Amino acid sequence: QVQLVESGGGLVQAGGSLRLSCAASGRTFSTYVMGWFRQAPGKEREFVAGISWSGANTYYADSVKGRFTISRDNAKNTVYLEMNSLKPEDTAVYYCAARNSRIISTMGYDYWGQGTQVTVSS
């Protein structure tokens, strides 16, 4: 069982930056693939970024590639999402998720956090 708690959301102007954090409980955090997803009002939840258990491999949605960076610190049971050059279309609730697998995927995540709101003003 893994419990996830996101933090770091807020209101930022277009072009600004935010860093989201996701703290995980459980001794097996380092064995999970971790991902970030987002859901904007009236839209389906979408994959944003994923990272392998070791942190050596990452994968991004085309819409955030080059602007967002996912990373993890297994010693702190935490995964991060550094978001730069933010756009109004990045406004959404951002969710952290854990996948009990060694393979990064855009789906098939087993545990979810409660989400944190990110709002980008124009």
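Only a predicted model underlies this, so the values are computations on that prediction, with no experimental measurement involved. In what follows, every heavy atom counts, from backbone to side chain, and hydrogens, waters and symmetry copies are set aside. The first residue in the sequence is number 1, and the count goes up from there.
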Give me the atom names and distance for the closest heavy-atom approach of [X] to [Y].
{"X": "P88", "Y": "A14", "value": "CD-CB, 4.1 Å"}
{"X": "L18", "Y": "G8", "value": "CD2-O, 3.8 Å"}
{"X": "S21", "Y": "T78", "value": "CB-CG2, 4.3 Å"}
{"X": "V2", "Y": "S25", "value": "CG1-O, 3.7 Å"}
{"X": "S52", "Y": "R72", "value": "O-NH1, 2.8 Å"}
{"X": "T31", "Y": "R102", "value": "O-NE, 4.2 Å"}

I need the [X] [atom1] to [Y] [atom2] distance, nearest 0.5 Å.
{"X": "D110", "Y": "Q1", "atom1": "CG", "atom2": "CD", "value": "10.0 Å"}
{"X": "L4", "Y": "N77", "atom1": "CG", "atom2": "CG", "value": "10.0 Å"}
{"X": "D90", "Y": "T119", "atom1": "CG", "atom2": "OG1", "value": "11.0 Å"}
{"X": "E6", "Y": "C22", "atom1": "CD", "atom2": "SG", "value": "5.0 Å"}
{"X": "L81", "Y": "T69", "atom1": "CG", "atom2": "OG1", "value": "8.0 Å"}
{"X": "S30", "Y": "N74", "atom1": "OG", "atom2": "CG", "value": "5.0 Å"}

Going by ring-ring contact (aromatic ring centres under 6.0 Å, His included), name the residues that satisfy it together with Y95, two or more places apart in sequence or in a different chain.
none

Can you sort out the partners of Y80 under ring-ring contact (aromatic ring centres under 6.0 Å, His included), two or more places apart, ordered by chain and number?
none

Under the salt bridge (charged side-chain N to carboxylate O under 4.0 Å, His left out) test, residues paired with E89 that sit two or more places apart:
none

Transitive ILVMFWY cluster of I103, excluding itself - 4.5 Å side-chain cut-off:
none

Side-chain touch T106/E46, heavy atoms, less than 4.5 angstrom
no

Given side chains that start at C-beta, do those of R67 and M83 come closer than 4.5 Å, heavy atoms only?
no

Check for a donor-acceptor pair, side chain of [X] on one end and backbone N or O of [Y] on the other, with a separation under 3.5 Å.
{"X": "R99", "Y": "M107", "answer": "yes"}
{"X": "T116", "Y": "Y94", "answer": "no"}
{"X": "Q114", "Y": "V5", "answer": "no"}

Could you list all the ring-ring contact (aromatic ring centres under 6.0 Å, His included) pairs where at least one residue sits in residues 36-60, not counting sequence neighbours?
F37-F47, F37-Y109, F37-W112, F47-Y59

Side chain to side chain donor-acceptor pair (under 3.5 Å) partners of R45, counting only residues at least two apart:
none

Does one hydrophobic cluster hold both [X] and [Y], with members joined at side-chain heavy-atom distances below 4.5 Å?
{"X": "I104", "Y": "Y32", "value": "no"}
{"X": "L86", "Y": "V93", "value": "no"}
{"X": "F29", "Y": "V33", "value": "no"}

Below 4.0 angstrom, N of the basic side chain to O of the carboxylate: do D62 and K65 qualify?
yes

Flag if over 12 foreign heavy atoms under 6.0 Å of CD, Q3
no

Decide yes or no on side-chain contact (heavy atoms from CB on, under 4.5 Å) for Q117 and L11, but give the supporting numbers first.
CA-CA 8 Å; Q117 176 70 46; L11 174 64; over 6 Å; no

With side-chain contact (heavy atoms from CB on, under 4.5 Å) as the criterion, how do R38 and V64 come out once you've worked through the C-alpha distance, each side chain's angles and the decisive distance to 0.1 Å?
CA-CA 11 Å; R38 66 186 182 186; V64 306; 3.9 Å; yes

